[in-house]
Amino acid sequence: MQEIIDSKAYFSMELLDWYDRSKRDLPWRRYRDPYYIWVSEIMLQQTRVDTVIPYFQRFIERFPSITDLAEAPEEDVLKLWEGLGYYSRARNLQAAARQVVERHGGVVPNDKEAVSALKGVGPYTTGAILSIAYNQPQPAVDGNVMRVLSRYFLIEEDIMKAKTRSIMEELAAELIPHGRASDFNQALMELGALVCTPKSPCCLTCPVMEYCAARLEGVVDELPVKSKAKPPRPEFRFVALVEGSGRNEGRVLIRRRADTGLLARMWELPHALADTSPSEGAGMLDAPAMEQLAVELAKDGISVTPEGAYMDAEHTFSHIHWNLRVFRFGERVGRIAGVAETNGAYSSRGDNSIGTSKNGDASEYLWINQEDMASFAFPKVFLTILNRYFESK
DNA sequence: AACACGGGGAA
DNA sequence: TTCCCAGTGTT
């Protein structure tokens with residue numbers, strides 16, 4: 001007798017059964033606290049579970065409630081996010097926490113309009129919060145889900161296209177078993193993370209292998225179809241490691257980035273886009289490079305003397321590849337520093353800060369020692385350079 | 001629709 | 001080393 005199987009019902013039931021048996025014990029799964037779910041989902045965007053776990057734990061320890069997060073200084077939030085990347089996630093999360101306190105009495109809302117109105121919460125995270133925290137039958141389609149569905153249902157649309165995501169959302173919504181939205185959506189993502197992986201998927205241990213269309217057709221490795229992203233454009237930058245003298249002895253100069261754009265409001269070593277790509281074998285004394293940096297710093301009222309090349313470093317963003325050449329400089333103390341002071345110096349953190357307001361670009365400079373590193377959030381590459389410098393002193 | 005936005009892990 | 005991963009906001 002030929003048995004008629006509904007491949008969708010089979011998929012949902014087998015997947016749920018598998019999840020009940022083999023779900024991971026993750027910190028945000030120990031309670032069904034909507035705040036925990038929300039924070040974890042923001043951290044998990046573009047970021048692996050193993051990377052997120054320690055960040056999540058520190059974050060929740062420091063900000064146990066939405067109110068704690070809303071009331072914290074933004075620098076504290078950025079510092080806890082340091083190294084996790086995509087820092088607008090952190091800034092938006094805090095802005096959204098303030099929205100929740102003001103508009104929803106500090107409780108994560110449970111209706112679609114209110115959730116998706118939160119800063120940093122798009123279609124995926126809206127579905128994740130509503131389904132995982134509140135067990136509402138909303139789809140939560142991330143990359144894992146698109147990979148699983150594209151294979152099981154042999155969907156050959158390019159998953160980079162917006163249209164494909166809406167197709168996937170419609171399908172994912174149909175698959176949710178009655179009353180099991182929370183577990184089912186997590187199961188879908190768990191399968192993508194543990195079994196139906198991008199490369200070398202473990203089809204032989206997959207709970208739904210029997211009716212997986214891609215496996216039956218032998219095209220698992222061709223799916224999902226995904227158009228390639230543009231490679232990052234290269235940029236050569238010169239970086240200044242300025243060692244203080246006089247009252248800044250033992251400190252180095254750092255600068256805070258602008259309020260918007262790349263690495264917004266993070267701290268860094270001063271640097272500039274290279275006028276000329278660094279001459280081949282320029283060696284320790286690349287005069288044009290050091291001259292360019294000295295001129296840029298002088299514009300901000302900081303006078304320096306070049307000492308030589310220190311190290312090279314690289315950093316890749318999704319759209320830019322930085323080739324950094326770091327030069328050491330000494331701070332030149334004297335009348336020039338006095339000029340900076342009359343140009344609007346101020347002191348927000350003790351007596352070692354310099355602000356410049358000449359051209360309204362809000363550059364803020366500061367002299368820090370190794371212990372001060374704990375108070376400022378740096379992008380990874382500057383953390384690496386600074387740590388190396390202070391460790392080798 | 002196209003681009004901006006970090007960093008880590010696996011091959 | 002090189003490749004891969006992929007949500008949200010802005011324009």
Side-chain angles (χ1 to χ4, degrees), chain A residues 38-55 78-96 99 115-129 138-150 157-166 168-169 172 185 189 192-194 196-202 221-235 257-268 312-324 377-385:
Chain A
W38 175 25
V39 171
S40 71
E41 289 300 338
I42 299 298
M43 287 187 171
L44 286 164
Q45 290 168 10
Q46 277 81 26
T47 313
R48 311 165 53 84
V49 165
D50 290 344
T51 304
V52 164
I53 289 173
Y55 281 92
L78 275 180
K79 186 66 188 175
L80 262 73
W81 213 270
E82 181 183 72
L84 207 48
Y86 285 108
Y87 299 97
S88 65
R89 293 184 295 173
R91 295 190 304 271
N92 287 337
L93 179 59
Q94 187 181 33
Q99 287 178 266
V115 172
S116 64
L118 298 174
K119 271 212 162 66
V121 177
Y124 163 72
T125 309
T126 298
I129 291 171
Q138 295 290 331
V141 175
D142 70 351
N144 288 306
V145 173
M146 288 203 277
R147 185 169 57 253
V148 170
L149 297 182
S150 71
E157 315 291 325
D158 181 350
I159 64 167
M160 294 298 276
K161 295 200 187 306
K163 180 74 164 39
T164 308
R165 209 205 63 222
S166 62
M168 297 282 186
E169 281 180 340
N185 281 354
M189 294 187 267
L194 300 180
C196 196
T197 50
K199 279 183 284 190
S200 316
C202 311
D221 292 335
E222 314 337 285
L223 292 171
V225 173
K226 187 178 179 181
S227 54
K228 292 223 186 306
K230 289 201 315 193
R233 67 174 188 275
E235 271 185 14
R257 294 182 61 88
D259 289 341
T260 57
L262 185 67
L263 303 168
R265 294 200 277 274
M266 304 278 287
W267 292 84
E268 64 181 7
D312 284 345
E314 291 182 49
H315 191 66
T316 307
F317 304 90
S318 43
H319 57 312
I320 307 171
H321 180 83
W322 275 355
N323 293 288
L324 303 180
F378 297 93
K380 191 67 166 48
V381 66
F382 295 109
L383 213 47
T384 303
I385 297 167

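Every chain is numbered from 1 and lettered A, B, ... according to where its sequence line falls, protein lines coming before strand lines.
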| request: Find the distance between CD (A:Glu169) and OH (A:Tyr124) and round it off to the nearest 0.5 Å. | output: 11.5 Å

| query | Who pairs with A:Glu268 by side-chain hydrogen bond (donor to acceptor under 3.5 Å, both in side chains), at least two apart in sequence or on another chain? | reply | A:Arg255, A:Arg257, A:His271

| message | Checking A:Ser200 now: which residues fulfil side-chain contact (heavy atoms from CB on, under 4.5 Å) with it, not counting sequence neighbours? | response | none

| Expressed as a whole number of Å, how far does the P atom of B:dC5 sit from that of C:dC4? | 23 Å

| note | Between CG of A:Leu84 and C1' of B:dG8 the distance, given in whole Å, is 10 Å

| task | Calculate the interatomic distance between A:Phe382 atom CZ and B:dG6 atom C1'; express it in whole Å. | result | 13 Å

| task | Provide, to the nearest angstrom, the distance between the CD atom belonging to A:Glu314 and the C1' atom belonging to B:dG6. | result | 15 Å

| Nearest-nucleotide 5' precedence on DNA chain B, A:Lys163 against A:Arg89 | A:Lys163

| request: Please collect all salt bridge (charged side-chain N to carboxylate O under 4.0 Å, His left out) contacts where either partner lies in residues 84-93 of chain A, sequence neighbours excluded, each pair once. | output: none

| query | In whole angstrom, what separates A:Ile320's CD1 from B:dG7's C1'? | reply | 14 Å

| request: Produce a footprint string for nucleotides 3-11 of chain C: one letter per nucleotide, 5' end first; B if the base is under 4.0 Å from any protein heavy atom, S if only the sugar-phosphate is, - if neither. | output: -SSBBSS--

| task | Report the distance from atom NZ of A:Lys230 to atom C1' of B:dA2, rounded to the nearest whole Å. | result | 9 Å

| field | Listed partners of A:Phe317 passing ring pair (Phe, Tyr, Trp, His ring centres under 6.0 Å), at least two apart | value | A:His315, A:Trp322

| query | Does the side chain of A:Ser150 reach to within under 4.5 Å of the side chain of A:Met168, using non-hydrogen atoms? | reply | yes

| Whole-angstrom distance between C:dT2 and B:dG6, as gauged at atom P | 23 Å

| field | Separation of atom NZ in A:Lys161 from atom C1' in B:dC3, rounded to whole Å | value | 15 Å

| query | Who passes salt bridge (Lys or Arg N to Asp or Glu O under 4.0 Å) against A:Arg265, sequence neighbours left out? | reply | A:Glu74, A:Asp259

| field | A:His315 vs B:dG7: side-chain N/O to OP1/OP2 distance below 4.0 Å | value | yes

| request: Return the value, rounded to whole Å, for the distance between atom NE2 of A:His319 and atom P of B:dC3. | output: 12 Å

| said: Could you tell me how far apart A:Leu383 (CG) and B:dG7 (C1') are, to the nearest whole angstrom? | reply: 12 Å

